[in-house]
Q: 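Once you've had a glance at the structure underneath, I'll fire off some questions.
Note: hydrogens, waters and symmetry copies are ignored here, and every other heavy atom, side chains too, is used. Lettering of chains follows the sequences in order, A, B, ..., and the numbering in each one begins at 1.
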Amino acid sequence: MTTAETLIKEGGYKWGFYDPEEALFKANKGLTHEIIDVMSDMKEEPQWMRDFRHRALDIFRQKQNPPWATEQLNDIDFEGIHYYVKATDKDATSWEDTPDYIKRTFDKLGIPEAEKKYLAGVGAQYDSEVVYHNIREDLKKQGVIFLGTDQGLQEHEDLFKEFFGTIIPPADNRFAALNSAVWSGGSFIYVPKGVKVDIPLQAYFRINTKDMGQFERTLIIADEGSQVHYVEGCTAPTYSSDSLHSAVVEIIVKKGARVRYTTIQNWSNNVYNLVTKRAAAYQDAVMEWVDGNLGSKLTMKYPSVYLMEPGAHGEILSLAFAGEGQHQDAGGKVVHAAPNTTSTIISKSISKDGGRSSYRGLLKVYEDCDHVKSTVRCDALLLDKESRSDTYPTMEVDAPNVRVQHEAYVSRLAEDQLFYLMSRGLTEDAAAKMIVNGFVEPIVKELPMEYAVELNRLIELQMEGAVG
Amino acid sequence: MSNSPLLEIKDLHAGIGDKEILKGLSLTVDKNEVHAIMGPNGSGKSTLANVLAGHPGYKVTGGEVLFHGKSLLAMKPDERAHAGLFLAFQYPVAVPGVTMVNFLRQALNAKHGGEMPIREFREKLFSKMGLLKMDQEFARRYVNDGFSGGEKKRAEMLQMAMLEPSLAVLDETDSGLDIDALRTVAEGVNALMNPEMGLLLITHYQRLLNYIKPQFVHVLIDGRIVRSGGAELAEELERTGYEEEEALVAGGKA
């Protein structure tokens with residue numbers, strides 16, 4: 001098959017290749033306390049973490065799927081998943097020290113090249129373990145920590161223990177409990193007081209093994225007055241059976257600090273992507289989520305910001321593209337737990353070929369939280385009659401003196417816009433792409449140039465043959 | 001391109017759904033000619049403009065249209081643009097998030113069938129904007145998004161200037177413009193006109209024709225051209241209105 005034929009077969013998904021399985025260790029399918037002990041032994045974890053995992057598994061078993069969740073969630077067979085697959089023994093700091101086949105995979109994904117060109121640090125996870133981590137020497141000297149989460153626990157246990165599981169406790173929801181039980185990999189980041197990391201740190205997550213579950217756990221602590229931009233990307237092979245990705249991301253944004261967390265989610269269309277992401281922002285801190293969801297079979301993800309002290313600001317930009325057989329259930333949550341806090345949620349979704357996108361959001365203002373300002377805006381674009389979009393906004397405002405705006409719009413790809421652009425010489429396909437690119441522009445323009453280009457390219461791939 | 005006229009419309013019938021709006025319209029426009037089609041509301045002026053550009057909402061039920069001697073009606077809207085046809089819309093639609101500069105660049109690339117060097121493109125863009133007395137900042141705005149009436153019409157003229165069509169159809173370009181904006185737009189059109197080009201002005205009122213002088217004026221009533229003449233016909237219509245012509249047509253029917 002030529003590349004083009006492969007692309008067409010895979011519906012334009014270019015990252016569906018896989019490596020032959022050469023894992024050092026692959027746990028049998030199924031979720032048990034024994035698996036947890038095996039993982040904890042292999043990772044040589046402190047007892048408190050082992051206990052935390054066992055407790056979390058018990059919680060997972062007591063928890064149900066959320067009542068509002070789509071029925072598709074019931075299709076996941078938790079006993080048919082490999083919960084721990086370790087490809088290599090080493091979290092290398094040089095690509096040369098990673099196994100050849102893994103290096104080849106990340107080369108294909110363009111990661112080492114991007115690292116050289118425009119990143120301050122890179123982490124790469126392959127199945128369950130982080131296989132590569134590196135950060136610019138000058139940042140390391142300033143005390144910036146950027147490690148795989150397992151390594152973070154080994155090397156900075158006190159700092160780790162102070163914050164781990166405090167923003168998203170295992171009992172938060174069923175998938176947070178699952179992640180807490182079998183978490184492996186992810187990024188551990190600490191930015192010291194006043195240190196500004198001016199170019200992005202990136203982590204890249206790759207699932208390779210069939211019927212695998214990836215449960216990375218990320219913990220970011222931005223100390224007072226610091227600044228960091230973290231970017232994550234992800235892909236997986238296209239398999240006929242489903243994979244599960246269920247991450248937990250906890251972020252602490254201390255007084256006057258600023259964190260931006262950007263996701264370009266591009267899982268293959270057989271991945272369930274069920275992720276809990278939450279940040280706590282303290283006095284005058286700024287937390288921004290830029291959440292792009294293009295891949296996966298079902299994504300359920302609502303990045304959250306808890307505004308804990310006056311002056312804190314939260315911002316969520318959510319972009320979802322649901323193609324054939326995809327359901328993007330995305331959105332965001334902001335909790336105003338202090339007066340004089342502000343927030344913005346902007347959600348843009350595109351549905352095509354019967355794809356379904358949902359906006360699910362929560363805006364909560366606690367009583368006594370005066371002078372809160374919040375704007376929520378959701379735009380949905382439907383490219384054909386088969387596709388679907390739903391909006392589920394929840395507002396709980398318990399304080400009297402607040403300014404809250406909420407707007408939601410659903411539109412269809414307008415014949416008049418297509419005709420207008422075509423009358424200037426653009427083909428119907430090019431015109432549709434231009435309209436969609438314009439639609440997502442308010443989010444894309446927030447990204448560093450390289451990621452904006454990447455995102456536009458992914459959208460164009462999704463748009464191939466969208467019209468006519 | 002041989003010796004065939006630029007545009008030949010022969011006995012054109014078209015409408016929306018089952019409603020026939022154009023009922024046998026014939027018209028020939030050659031290069032270096034300026035024609036004006038005038039008519040009251042509902043006479044089929046905008047239908048003609050949309051049918052020429054290939055709007056999918058209109059159905060052609062009879063007749064033919066030749067553009068440079070080739071059948072125009074068989075072409076898609078983008079192919080018509082490539083063949084050299086340009087419609088300045090009465091109500092240009094907004095395309096939020098798409099900058100004028102990006103839009104124009106892609107339109108030009110599509111026309112030339114390849115990437116135009118960015119530098120060459122910028123020089124051309126800025127020189128045409130200068131011609132139309134437009135601020136360069138304008139190129140960074142989103143297509144027609146939040147534009148005033150005058151800005152929309154000027155943006156249409158900029159597109160025309162960049163695409164350099166052989167035939168431009170201006171649909172009610174004077175509507176919604178104050179006198180200063182009208183003058184600027186008209187001066188722009190005059191500056192863009194060249195001997196290889198034909199111009200078809202579609203208008204309800206005569207005032208645009210004070211600034212862009214047509215050699216030929218046609219009166220459109222109820223889907224047909226009922227009278228043709230020179231520039232003086234426009235002035236006469238301005239004085240007498242369309243009532244006389246309408247009465248004639250109505251009388252003819254009875």
Side-chain angles (χ1 to χ4, degrees), chain A residues 292 317-319 321 346-350 377-381 383-385 407 409-447 449 452-453 455-457 459-460 463 466-468, chain B residues 49-58 75-113 116 140-145 152 155-156 158-165 168-169 171:
Chain A
L317 303 177
S318 172
L319 169 69
F321 197 132
I346 296 174
S347 159
K348 295 254 177 189
S349 72
I350 301 153
R377 187 186 162 116
C378 320
D379 290 334
L381 180 64
L383 296 191
D384 49 55
K385 290 194 175 69
E407 295 172 85
Y409 302 93
V410 179
S411 53
R412 290 188 188 279
L413 189 60
E415 193 181 65
D416 279 352
Q417 281 181 329
L418 278 176
F419 174 58
Y420 184 70
L421 297 179
M422 286 178 77
S423 79
R424 301 308 184 232
L426 269 60
T427 62
E428 192 167 5
D429 258 1
K433 278 181 193 169
M434 183 174 272
I435 293 166
V436 167
N437 276 332
F439 177 76
V440 301
E441 168 69 11
I443 290 179
V444 172
K445 76 173 183 203
E446 292 298 320
L447 298 174
M449 208 233 325
V453 169
L455 196 62
N456 276 331
R457 206 166 56 90
I459 289 167
E460 282 186 11
M463 286 291 293
V467 194
Chain B
N50 278 302
V51 166
L52 288 177
H55 193 292
Y58 293 83
M75 298 181 200
K76 290 184 185 165
D78 48 324
E79 294 165 340
R80 298 179 194 208
H82 295 170
L85 180 79
F86 181 89
L87 168 64
F89 284 75
Q90 181 179 7
Y91 302 111
V93 298
V95 191
V98 177
T99 57
M100 285 295 294
V101 59
N102 180 18
F103 168 47
L104 287 168
R105 182 142 202 236
Q106 288 205 40
L108 246 69
N109 286 344
K111 186 186 168 197
H112 294 298
M116 185 176 186
R140 272 184 268 279
R141 292 178 64 185
Y142 296 148
V143 177
N144 297 322
D145 194 20
K152 280 185 188 170
E156 293 293 287
L158 177 62
Q159 292 168 45
M160 178 173 130
M162 292 298 284
L163 291 167
E164 297 171 325
V169 180
D171 187 10

Q: Is chain A contacted by the side chain of B:Phe103, its backbone, both, or neither, given a heavy-atom distance below 4.5 Å?
A: both
Q: With a 4.5 angstrom heavy-atom cut-off, is it the side chain or the backbone of A:Glu415 that approaches chain B, or both, or neither?
A: side chain
Q: Tell me which of these, B:Ala110, B:Pro92, B:Ala107, has more heavy-atom pairs under 4.5 Å with chain A than the rest.
A: B:Ala107
Q: NZ/B:Lys111 to CG/A:Leu426 distance, rounded to the nearest 0.5 angstrom?
A: 13.5 Å
Q: So, do A:Phe419 and B:Asn50 sit near enough that their side-chain heavy atoms are less than 4.5 Å apart?
A: yes
Q: Can you name the closest pair of heavy atoms from B:Ala81 and A:Gly425 and give their distance?
A: CB-N, 3.5 Å
Q: Could you give the distance from OG1 (B:Thr99) to NZ (A:Lys445), rounded to the nearest 0.5 Å?
A: 11.5 Å
Q: Side chains of B:Val95 and A:Ile435: closer than 4.5 Å at any heavy-atom pair?
A: yes
Q: Answer yes or no: is there a side-chain heavy-atom contact under 4.5 Å between B:Asn144 and A:Tyr420?
A: yes
Q: Closest heavy-atom contact between B:Val98 and A:Met434?
A: CG2-O, 3.3 Å
Q: Using non-hydrogen atoms and a 4.5 Å limit, figure out which bit of B:Pro165 sits close to chain A: side chain, backbone, both or neither.
A: neither
Q: Within the structure provided, determine whether A:Arg424 and B:Gln106 are in side-chain contact (heavy-atom separation under 4.5 Å).
A: no
Q: Can you measure from CE (A:Met422) to CD (B:Glu79) and round to the nearest 0.5 angstrom?
A: 8.0 Å
